[in-house]
Number of protein chains: 2
Amino acid sequence: MNFETFKSLVRISKEDICRELFLENKNSIKIKKEGVAIKNLVTIFDAALQLSNKKGFFAMSLRDLSAATGLSMGALYSYFNSKEELLDMLQRQGRTVITRVIVDQLKGIDDPWERMKRAIQTHLYLTEVMQSWFYFAYMETKNLKKNEHKLAIEAELFTENIFSEIIEQGINKGVFADVSQELTAAAIKAMLQDWYLKRWKYAGRQVSVDDYARFLMDFVSAFLLPVNR
Amino acid sequence: MNFETFKSLVRISKEDICRELFLENKNSIKIKKEGVAIKNLVTIFDAALQLSNKKGFFAMSLRDLSAATGLSMGALYSYFNSKEELLDMLQRQGRTVITRVIVDQLKGIDDPWERMKRAIQTHLYLTEVMQSWFYFAYMETKNLKKNEHKLAIEAELFTENIFSEIIEQGINKGVFADVSQELTAAAIKAMLQDWYLKRWKYAGRQVSVDDYARFLMDFVSAFLLPVNR
DNA sequence: CAAAAAAGAGCGAGCGTTCGTTTTTTATGA
DNA sequence: TCATAAAAAACGAACGCTCGCTCTTTTTTG
């Protein structure tokens, strides 16, 4: 599997994501027409992610967002009740997609090393498709209020746990070396996150997401596979 | 070398760091008495780091900082000319220390693997001693204006380059496997940074910095040392 | 007592938010 | 098909509040 294959298998559209959000947030979104709501939500979220990733969510004002979207201040408030709620919605936007796609992509794969490879690839390709969201989610998590913050931390630990379980499985089957599952999963996660957090650096060096995936799988295999040790 | 040894060898005091800043910023710091200036700079920086790391530099107001330090608004402005300058000073605060300590700790070590181990340990122990600064520097870099932003990026790449050069040296001496220097150095850096960026997670799991150092050296050795491969 | 340090009230600007008004869209009836 | 009325969407001025910052007065230090 490579990035091009992934993209054609897993079609993630902003419209679908915003439709889900629209249906879940009828109380906050005062727009009746689905088509209008979705079109504008996409515009709002794109602009908000871009502005926030540049200067931070708090430093972005709603006047900035108004200018960037071409919607008035009053119109913006048809889509969320407060700036804080916008933050929550932005954070929530991608979370269910991620979980669903990773779990889906691992279905039917039993071999631990194949699972590990697929998990690494899936994570990287997802973050490539939705880089601005991942960057935003990482950087702004600490601004979330209690319950949303808890959910964000859980999502962080959930994907790490996917790796941890693959490692456990591999060790139990005698396929992987006997390593610390938690620390290894955390280290893999750190390297996966580096991809989207420092996209500027890898882009500057012309490292493709497939290059990076290959490198990571190589790096991880040296540690996990006894054949290599 | 372990963390306790490091701490007694490398004494980093906030007072020394603030003294350097005081001497370099006579234009911005209107206080004449070195003792008073340094004492209050330490207080200001500690409070600013804590507040910023909790809610973001922009979301922290100077009234927040005033309350946290016990200094009035007017007194705060004796120490910096603007909030933006405070950001610059905070970012600059630790940069020279880091460079100096890493370079010092590598002196007299020729063996590539020994250098690698020392570099990993030094980086981790430094970030353990100055965790709040490192977290702040990582999270707030994007808010810096042009020249300061450039310096921060350079510092980021400088430490990564230390690892890259060690790898190059190891490959040239036939000690290390033939791997991508840049990607390997970046991966090591990512794992090192994870330590201070997700300090909450490792603390919750009761992983000591020495545990983490040992784990990282093991992980990296599996990839770099042909004996392992 | 003089110099240095600190306090704190208040300024103008910008912020998030509200709400009455205007514009656009849509459905209906002739 | 066209005109009209109602519903929906959008606008934008203004409110109260907080912000960064200034500057005169007060307090502390040596």
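Quick caveat: nothing in here was measured; it's all calculated off a predicted structure. First the proteins, then the strands, lettered A, B, ... as listed; each starts at 1.
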S.K.: One thing to verify: whether B:K150 and B:E154 come together as a salt bridge, which I'm taking to mean a side-chain N less than 4.0 angstrom from a carboxylate O.
M.R.: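 Result for this pair is yes, salt bridge flagged.
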S.K.: Which residue pairs satisfy the salt bridge (Lys or Arg N to Asp or Glu O under 4.0 Å) criterion with at least one member in residues 81-99 of chain B, sequence neighbours excluded?
M.R.: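 Found B:E84-B:K145, B:R92-B:E148, B:R95-B:E148.
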S.K.: Would you classify A:G35 as touching base, sugar-phosphate or nothing, given that sugar-phosphate means primed atoms plus P, OP1 and OP2, and contacts are heavy atoms under 4.0 Å?
M.R.: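 Nothing, no nucleic acid heavy atom in range.
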S.K.: Mind jotting down which residue pairs meet the salt bridge (Lys or Arg N to Asp or Glu O under 4.0 Å) criterion with at least one end in residues 2-13 of chain B? Sequence neighbours excluded, please.
M.R.: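 Non-adjacent pairs meeting salt bridge (Lys or Arg N to Asp or Glu O under 4.0 Å): B:E4-B:K7.
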S.K.: Just the table, please: protein N/O against nucleotides 26-30 of chain D N/O, every pair under 3.5 Å.
M.R.:
residue: D:dT29; atom: O3'; partner: B:K33; partner atom: NZ; Å: 3.4

S.K.: With sequence neighbours excluded, tell me which residues meet ring-ring contact (aromatic ring centres under 6.0 Å, His included) with A:F219.
M.R.: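 ring-ring contact (aromatic ring centres under 6.0 Å, His included) list for A:F219, sorted by chain: A:F215, B:F219, B:F223.
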S.K.: Only pairs at least two apart or in different chains count here, so list each ring pair (Phe, Tyr, Trp, His ring centres under 6.0 Å) that has a residue in residues 40-70 of chain B.
M.R.: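 As it turns out, there is no ring pair (Phe, Tyr, Trp, His ring centres under 6.0 Å) pair with a partner in residues 40-70 of chain B once direct neighbours are skipped.
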S.K.: How close or far is atom P of D:dG20 from atom CG of B:L87, stated in whole angstroms?
M.R.: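 Interatomic distance, CG of B:L87 to P of D:dG20: 13 Å.
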S.K.: B:L86 has an atom CG; how far is it from atom C1' of D:dC21, in whole Å?
M.R.: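 Taking atom C1' of D:dC21 as the reference, CG of B:L86 is at 14 Å.
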S.K.: Suppose we screen for salt bridge (Lys or Arg N to Asp or Glu O under 4.0 Å). Which residues come up paired with A:E182, at least two apart in sequence or across chains?
M.R.: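 Partners of A:E182 under the salt bridge (Lys or Arg N to Asp or Glu O under 4.0 Å) test: B:R205.
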S.K.: Atom CD1 of B:I31 to atom P of C:dA3: distance rounded to whole Å?
M.R.: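 Spelled out: CD1 on B:I31 to P on C:dA3 is 16 Å.
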S.K.: Please confirm whether the shortest side-chain N or O distance from B:S72 to OP1 or OP2 of C:dA7 is below 4.0 Å.
M.R.: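 B:S72 to C:dA7 OP1/OP2: side-chain N or O found under 4.0 Å.
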S.K.: B:K39: what forms a salt bridge (Lys or Arg N to Asp or Glu O under 4.0 Å) with it, not counting sequence neighbours?
M.R.: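 For B:K39, no residue satisfies salt bridge (Lys or Arg N to Asp or Glu O under 4.0 Å) once neighbours in sequence are set aside.
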S.K.: What's the CG-P distance between B:L76 and D:dC19, to the nearest Å?
M.R.: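 One finds 14 Å between P of D:dC19 and CG of B:L76, rounded.
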S.K.: Could you check which residues of residues 37-55 of chain B get a heavy atom under 4.0 Å from DNA chain C? Sort them by number, please.
M.R.: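 Within residues 37-55 of chain B, the residues near DNA chain C are B:N40.
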S.K.: Report yes if at least one side-chain N or O of B:Y79 is closer than 4.0 Å to OP1 or OP2 of C:dA5; otherwise report no.
M.R.: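 The answer is no; no side-chain N or O of B:Y79 sits under 4.0 Å from OP1 or OP2.
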S.K.: Considering only nitrogen or oxygen atoms on both sides, find all protein atoms under 3.5 Å from nucleotides 15-17 of chain C and state each distance.
M.R.:
residue: C:dG16; atom: OP1; partner: A:K83; partner atom: NZ; Å: 2.7
residue: C:dG16; atom: OP2; partner: A:L62; partner atom: N; Å: 2.9
residue: C:dG16; atom: N7; partner: A:R63; partner atom: NH1; Å: 2.9
residue: C:dG16; atom: O6; partner: A:R63; partner atom: NH2; Å: 2.8
residue: C:dT17; atom: OP2; partner: A:Y77; partner atom: OH; Å: 2.7
residue: C:dT17; atom: OP2; partner: A:K83; partner atom: N; Å: 2.7
residue: C:dT17; atom: O5'; partner: A:Y77; partner atom: OH; Å: 3.1

S.K.: Checking B:F22 now: which residues fulfil ring-ring contact (aromatic ring centres under 6.0 Å, His included) with it, not counting sequence neighbours?
M.R.: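 Scan of B:F22 (ring-ring contact (aromatic ring centres under 6.0 Å, His included), adjacent residues dropped) gives none.
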S.K.: What do you reckon, are the aromatic ring centroids of B:F3 and B:Y125 less than 6.0 Å apart?
M.R.: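 Yes: the rings meet the under 6.0 Å criterion.
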S.K.: Return the value, rounded to whole Å, for the distance between atom NZ of B:K32 and atom C1' of C:dA2.
M.R.: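 In whole Å, C:dA2 C1' and B:K32 NZ are 12 Å from each other.
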S.K.: Under the salt bridge (Lys or Arg N to Asp or Glu O under 4.0 Å) rule, collect the residues that match up with A:E20, sequence neighbours excluded.
M.R.: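 Testing A:E20 for salt bridge (Lys or Arg N to Asp or Glu O under 4.0 Å), a comparison that skips the adjacent residues, returns A:R100.
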S.K.: Take atom CD of A:E34 and atom C1' of C:dT26, then tell me their distance rounded to the nearest Å.
M.R.: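 So the two atoms are 17 Å apart, to the nearest Å.
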S.K.: Do any pairs count as a side chain to side chain donor-acceptor pair (under 3.5 Å) and have a residue in residues 54-63 of chain B, sequence neighbours left out, and if so which ones?
M.R.: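 Found B:K55-B:D64, B:S61-B:D64.
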